Structures are given as C-alpha cells and as structure tokens.
4 protein chains.
Amino acid sequence: MSEGRRGAARSETARLAILEATAALFAERGYDHLSIEGIATRAGVGKQTVYRWWPGKSALIAECLLEGMLLPERFAMPDTGDLRADVVAWLTEVEAVLESPTGEGLFRSLIAAASENVDVARRLRESLADPRLFLPRLLAARDSGEVRADLPVEEVSEALVGAVMLRALAHSPADPGLPRRLVDLTLGPRPS
Amino acid sequence: MSEGRRGAARSETARLAILEATAALFAERGYDHLSIEGIATRAGVGKQTVYRWWPGKSALIAECLLEGMLLPERFAMPDTGDLRADVVAWLTEVEAVLESPTGEGLFRSLIAAASENVDVARRLRESLADPRLFLPRLLAARDSGEVRADLPVEEVSEALVGAVMLRALAHSPADPGLPRRLVDLTLGPRPS
Amino acid sequence: MSEGRRGAARSETARLAILEATAALFAERGYDHLSIEGIATRAGVGKQTVYRWWPGKSALIAECLLEGMLLPERFAMPDTGDLRADVVAWLTEVEAVLESPTGEGLFRSLIAAASENVDVARRLRESLADPRLFLPRLLAARDSGEVRADLPVEEVSEALVGAVMLRALAHSPADPGLPRRLVDLTLGPRPS
Amino acid sequence: MSEGRRGAARSETARLAILEATAALFAERGYDHLSIEGIATRAGVGKQTVYRWWPGKSALIAECLLEGMLLPERFAMPDTGDLRADVVAWLTEVEAVLESPTGEGLFRSLIAAASENVDVARRLRESLADPRLFLPRLLAARDSGEVRADLPVEEVSEALVGAVMLRALAHSPADPGLPRRLVDLTLGPRPS
DNA sequence: GGCTAAGCGAGACGGTACGTCGAGTCTTGGG
DNA sequence: CCCAAGACTCGACGTACCGTCTCGCTTAGCC
C-alpha cells in the first residue's frame, strides 16, 4: 500500500516560494531577463532545489500559468446566451490587458516562453480561450442557427487567439473596434 | 558631393559572412542557442565587427529575414484570379514548410526572435503574407463580389497568419484540410 | 551498572562498510576527490551515519590508517641485530611502495590529509617508523657502540621519514642507492 | 621575427592583483579554504581571467611562491664561512617562522598545496634550501675537511628540509635546541 | 607620398548566469 | 536511538557569452 518512499518529503513551502518568485520576476523583467539564479535567491531557496524539480525556466513559467499566477481569471468567456457578444466581451478583456503597460510585455514574454516549451504554448492558449469550453458553445450556436451551419468551428478560436498574438508580437496599437470586427470576420454576419 | 568619410569602407564581405553565419547557426541551433560570439567565429570575423553594425542578435535575424536568408521566397501568394484558391495555395506552402523537420523549429525560433524585436515580428509577418499585397487583393475581391461586401478585410491576414503561428507554437500536427477550412472561415462561403 | 543507553547500538557493519569505502575511494581517486557523499553511497549508508561518528573526511582517513587499511604492515622495521641493515631494509620497502603506481599517489594523498589533520600526520609517521620502536633500537645501538655516542637519536627517524616524504612530494624518481646513503648520512659511518 | 600575436596584451595589473589576492587569502584562510571565486572577487577581476592563465589554485600558489609573495627572503642561508653555523642560522629562522601563529598554518597549507602540485613542491623546497646553493657549500666543506669526506651530500638538504616539514605536519612544538641537533646529525660532529 | 581615420581579425578584460557537485543539516519512516 | 533515504540551503566549481576595450594591421580619401 505504502509508496515505500523514504527521506524527507518535497517542501510545499519551497515550491510555492519558487513559483511566486518566478511570477514576480517574470512580470518585472520579462522572460529573457529571467534567471534561475535570480529566482532561487528571491525565493530564499538553493538553486539545486529549483533544478531538482524543474528542468528550466520555461517549465517554471508553464507551472505558473497552470497555477493561474500570471494571467487573470477573467479571461474566461462569459455565457450570456449571445455568442457574439460573449466573444466580443472576452476579446475586449484581452485587449484591455494587452493595453496595460505591464500586460503588454508580459504577453510577449509568454509568447517567447511558449516558443521554447510546448506546455507553455498549450496552457497559454487555454488561458486565453480553452477550446474545450469554446467548442461546445460554437456547436450549440451552429445548431441554433446563430452561426452558419458549415462554419469550421475548430478553427474559430485558433484564428481569434492567433490574431491577438500576432498583434501583440507586432506591438500593434489597441483598437477599440477590433474585437467586434474579428468576431464579425470569424463568426460571420449575424443571421437576419 | 563626396561623403567626406575617411578610412576604410565597410566590408561587404564581412557583412555577408556574418549574415550567412547567423542564418546557418539559427537554422542549426535555434534562436536562443544563437550567440554573437559563435556567429563571429563562424564568420571568421572579430566580435567588434558585429557589434559595430548591429545592436544584438535579434537585429541580425531581422536583417537575415529581410535578405530572404531564412524563409523561402515561395511564401509569396500567387495571383491566379481566384482569391480563395490563391490563399489556399499560400497556406499549403506554409504548412509544407512547417511540416519539414527543420522548418518547424526554425519557425518557432522566429517567433521567439519576434517576441523581442518588433522589426522581426513585422518582417516575419510580411514574409508570410504582406498586408500591402494582401489588402488590395481583398478589396478587389470585395468589389467584384467574390467575398461579402462587409468583410473586415484588414483582419483577414491577421487571423490567417495568427492561426498558423499559434499552431506552430503548440506543435499542432500538420492537417491537409486546414488551409481550405481556414479560408472558408475567414473569407466565408463562396457566393453562389 | 548498565550504560543506560537506549535504542539501537552502533552498527559495526555500517562502520566497516564506511571505512572500507573510504579506503577504496581514497586509493582510487586520492584525498581531495574524496567526498563524504561518495563514501556514503559506496558504503550503502546514509550520509548522517557518517557524520554521526566522524567529523570529516580527514578523521575517516585517520581511522583507516589506524586500522591498517591504507598502508601495508610490512613497514614495520625488522630486527636482525644489525641496525643499519634493518633501517636500509625498511627504507627499501618504503621505496618499493612509493615506486608502485598506486603507492605514489596514495602517499602524496596521505600527506595532503596529514596537512589538515594532526592525527593523520602522527599516524602516518608511526606507520612508517614508530618512534616508540625506533628509539629503543637507537639507544641500544648507542650503548653498544654501533653508532657514535653523541648521536642525536630523537632526530634520526624525523630526518629519515622527512626525507622520504620530501622526495614523494617532489615526485623524485626512485633511487636504489638512496636507502643506504640516507642511513649512512644519519647514522654515520659504521665504526671500525 | 614578430610573434604574430594579435589582440590586446595580457594585463600585468590583473596578473598582480590576482597573485596578491591569492597570497592574502592563502595567508588568511589556508589552502583548502582558498577559492578561485574568492580570489577573483578580491582581485576585482573576472573568474575567466584567472582560468585563462592558471589551471587551478595550486598553480597560483606555485607562482606566488616563485614571486616570493608567501615566504620571506630571509630563508636564504647566510655564508659566513662556517657551514655548521650557517645551517643552524638558517634552521633557526625557519623555526622562528613556524613558531609564529600565521607561519605555522601557512607552512602546512604549503605542504597541502605541494601534495597536489609538483611545482609547488619543488619551489617550496627551493624556498627553504635551494639545492643549487646548498650543494656547492657542502662540496666545498667536504674538500676543506669541514665535514667527513664520504658524507652523502645530496641527501643533506633533503633530510633537513624533510625533518622540518615532518615536524610542521605533526604540529611538533618549537624546540630551541633542534637546529643544532639536526645539524649535528646530518653533518656529523665537527672534526677536531 | 605621407597623414590620418576608420575598418578589420584577434583576443583580453570585468561580469552574469549557467548547470553540477558536494558540504553539512534536517526530516521521514522503519527496525 | 540507529539507520537508509533523500530534500534542504549554501558555496564553489569550471564554462559560455555578454558587451567593451585594446592591439597591430590594412585600406582609402585628403593634403
């Protein structure tokens, strides 16, 4: 029954201190000025304790993302029954964060982290628009005639999240009309 | 009339050697194992010669991109008159590159580079689908009724390029039907 | 009457395993590549069990020396009645060991250990030529006229062992005539 | 004719700062608490600058010894014409240093360093009694009848320096009569 | 043609961070 | 209370590159 493990158990205190230090330094200085050495120092932890449990800084970011320490909860899409309005609301929130001075660099940093770690990429995408939540909404909308019947639903969130990322990468200025236009583009005109 | 400069002129040999070394090492080892030191050595050039002309490695990548040393020319979109077919053709080519073992990492590395240098981001986007070429095509298509009149044309290439990037980041497997579906999503069903 | 100690007694098995591991690793890798961690692992013992009973690696070496696990027994000086011949015999044995590939490094390592632990120094010296055995021989020799009456006997073994150490430190090559000459130097010419 | 060297020349400032830091830290903390990291910091120098020119800390000690930064000059043996008196004087000086609180540890540290680096061993020995100076004195003394004609002169300095080292290793207390007795032992009684 | 810049290959310099090893301490669970 | 296991903090290792700074040489417009 017993695991047979011997020796001291992993310290949850250390684990949290490390993740918090990572999140703080990531927000302050960005992904590529992030150093394991700095994280360990800030967390009051030996470097070895970091390396014992994580292979590198991208894995730390992935775990922070999973624990919701980097991006706000509010990116979850609301469900008011009106799909277009809900997606617009979600995109607007995302834009609001990207407009903020901290949010902008943070998001670009996340993309950098994502580019060297699949986990980060997947979790980043899910943080923005989880396909497992997005898809059912779209399928329902297709059934109810809210969107055209042959809409390629799988690609909708890819296109939306992708466009947002691309704009973040290119430092494109915030654009208040954008969410609506992107929704119009991907979901098509509201059926009369 | 003359520039008035004295002393030796900039060596084009050195410039090219540096860019070629950059492109080669970038392809071999990826963006974040790229080092100025390594580039200078491989190019048979002093480090100072690199620093004299470029501020850092992201600028080198930006210039390589501009010189077409990283991505093939063929990403240019053909113009057969049939917009949907042309876009599908372009997307198919992009996918072909991303499918290749070298292309995949290379593209992700470019995204990493883009995340820390706007120029790279812009040039990367233009290498894939230059809005200055894309937009006129779309406007014409809107005029000719090939796409619906209220299509938000500015956002089309953003959504397409963004979706491709997102899939590359997430190591999504190549999908032969994808180009058609993405075109269908963004340009809408072909008018009857 | 009883010691009053409670709990398990010290494990002789562990003690021996540790000393054997120490001797083996010391012979294999030398004093300063010796690590408590390595010893514990090799001995199949927890690090704490080492630290509970010894303050550090030099103490382990001292105990190994005491147990005769590092240097052979044969360094004991024979007693044939002829002092000079006996000392030459002893020196010849020492030289034989120092000539051997393993012995050379081992001896230098012992000097390193001795330099940071008095006990090791004393035991090393005693392993070579124990003054408690050496001195009586010399006093008897002085009485019997085998050596000059005013010979400073205390210093003889110091000079002999010291010369041997110095030659080991300096990687001096083995020299077959050396024992005889050193004996001649310190004990003086055989009286006629 | 020219060396063909290019690039900046080695910085003598850095070299000296490193050697001085080494000597200071060595005297303060002993050989095995000496760290390259500490030396570099104290010298105000990058670690690489140390590693570029020396393979490790024992080589640094060897060079310090060569530059006379560790042991005083006065170990040179005087030459008053009276060999025995000169050697006694030299030994007395050595003892004086070993008696001093700093000298004792420093000397043992040197032995530790010598045990892992032949150069240190040789230079240490030469610092105490350079055979190239010692030997001619002895040969002359043998010719002049000051010492017996069959004295094995090569071994004299080995025995003397060795005895001193051995006593240092074993933390033997200083003994004012020792120099005279050692000289008596090795050079024999003064001829009548 | 000699003078004065600038460019160049090379490479040393003071630094930061890497990822690893080992030190010595502490904790867990079993005997 | 001992033991094996092993996680902990901390310090140092030796390496890789950073970006700056000489070196000694070559190149080229200017007097």
Side-chain angles (χ1 to χ4, degrees), chain A residues 2-11 13-14 33-41 43-53 55-57, chain B residues 2-11 13-15 33-41 43-53 55-57, chain C residues 5-11 13-14 33-41 43-53 55-57, chain D residues 2-11 13-15 17 33-41 43-53 55-57:
Chain A
S2 113
E3 269 278 343
R5 281 256 296 85
R6 277 195 292 180
R10 174 171 184 183
S11 158
T13 312
H33 294 95
L34 202 58
S35 73
I36 303 277
E37 200 125 2
I39 290 169
T41 303
V45 138
K47 262 202 291 183
Q48 203 56 250
T49 302
V50 180
Y51 283 111
R52 198 175 353 256
W53 303 110
K57 60 182 185 171
Chain B
S2 103
E3 271 279 344
R5 291 252 285 79
R6 274 196 295 179
R10 175 171 185 183
S11 155
T13 313
R15 186 183 149 267
H33 293 96
L34 201 59
S35 72
I36 302 280
E37 199 125 355
I39 290 168
T41 303
V45 137
K47 271 203 288 182
Q48 201 55 249
T49 304
V50 179
Y51 283 112
R52 201 177 349 255
W53 303 109
K57 62 181 184 172
Chain C
R5 292 251 283 79
R6 274 193 297 175
R10 174 172 185 182
S11 155
T13 314
H33 293 96
L34 202 59
S35 72
I36 302 279
E37 198 127 356
I39 291 168
T41 303
V45 137
K47 271 205 286 183
Q48 202 54 248
T49 305
V50 179
Y51 282 111
R52 192 161 16 239
W53 304 108
K57 62 182 185 171
Chain D
S2 115
E3 268 279 345
R5 280 259 296 87
R6 279 195 290 178
R10 174 171 184 183
S11 156
T13 313
R15 188 184 146 265
H33 293 96
L34 201 58
S35 73
I36 302 278
E37 199 125 4
I39 290 168
T41 302
V45 137
K47 262 202 290 184
Q48 203 55 248
T49 302
V50 180
Y51 283 111
R52 192 164 12 244
W53 303 108
K57 60 183 186 170

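Residue numbering restarts at 1 for every chain, and letters A, B, ... go by the order of the sequence lines. Hydrogens, waters and symmetry mates play no part in the numbers below; they use all other heavy atoms, side chains included. What you see is a predicted model; the values in this text were computed from it and never measured.
- No hydrogens or angles were tested; on distance alone, nothing pairs the side chain of B/Lys47 with the base of E/dG11 as donor and acceptor under 3.5 Å.
- Taking atom CD on D/Gln48 and atom P on E/dC18, their separation rounds to 17 Å, with Å as the unit.
- Smallest separation of non-hydrogen atoms from D/Ile36 and D/Lys57: CD1-N, 3.9 Å.
- C/Glu37 has its CD atom 6 Å from the C1' atom of E/dG22, to the nearest Å.
- Nearest-nucleotide positions on DNA chain E place A/Ser35 closer to the 5' end than the other of C/Pro55 and A/Ser35.
- Judged by closest nucleotide on DNA chain F, C/Ala43 is the one of B/Leu34 and C/Ala43 placed further toward the 5' end.
- In terms of the side-chain contact (heavy atoms from CB on, under 4.5 Å) criterion, residue partners of D/Ser35 (sequence neighbours excluded) are, by chain and number, D/Glu37.
- Atom CD1 in B/Ile36 sits roughly 12 Å away from atom P in F/dC17 (whole-Å rounding).
- For the pair D/Ile39 CD1 and F/dG14 P, the computed distance is 11 Å after rounding to whole Å.
- Counting heavy atoms from C-beta on, the side chains of B/Trp53 and B/Arg10 come closer than 4.5 Å.
- The NE2 atom of B/His33 sits 11 Å away from the C1' atom of E/dC18 (whole-angstrom rounding).
- For D/Tyr51, whose side chain is taken as the heavy atoms from C-beta onward, the closest listed nucleotide among F/dT15, F/dC3, F/dC18 is F/dT15.
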Expected string for nucleotides 1-7 of chain E under the B/S/- scheme (protein heavy atoms, under 4.0 Å, primed atoms plus P, OP1, OP2 as sugar-phosphate) is ---SBBS
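- C/Ala14 is linked by a side-chain contact (heavy atoms from CB on, under 4.5 Å) to C/Ser11, C/Val45, C/Thr49, counting only residues two or more places apart in sequence or in another chain.
- When each of A/Gly46 and C/Gly44 is assigned the nucleotide of DNA chain F with its nearest heavy atom, C/Gly44 is the one assigned upstream, toward the 5' end.
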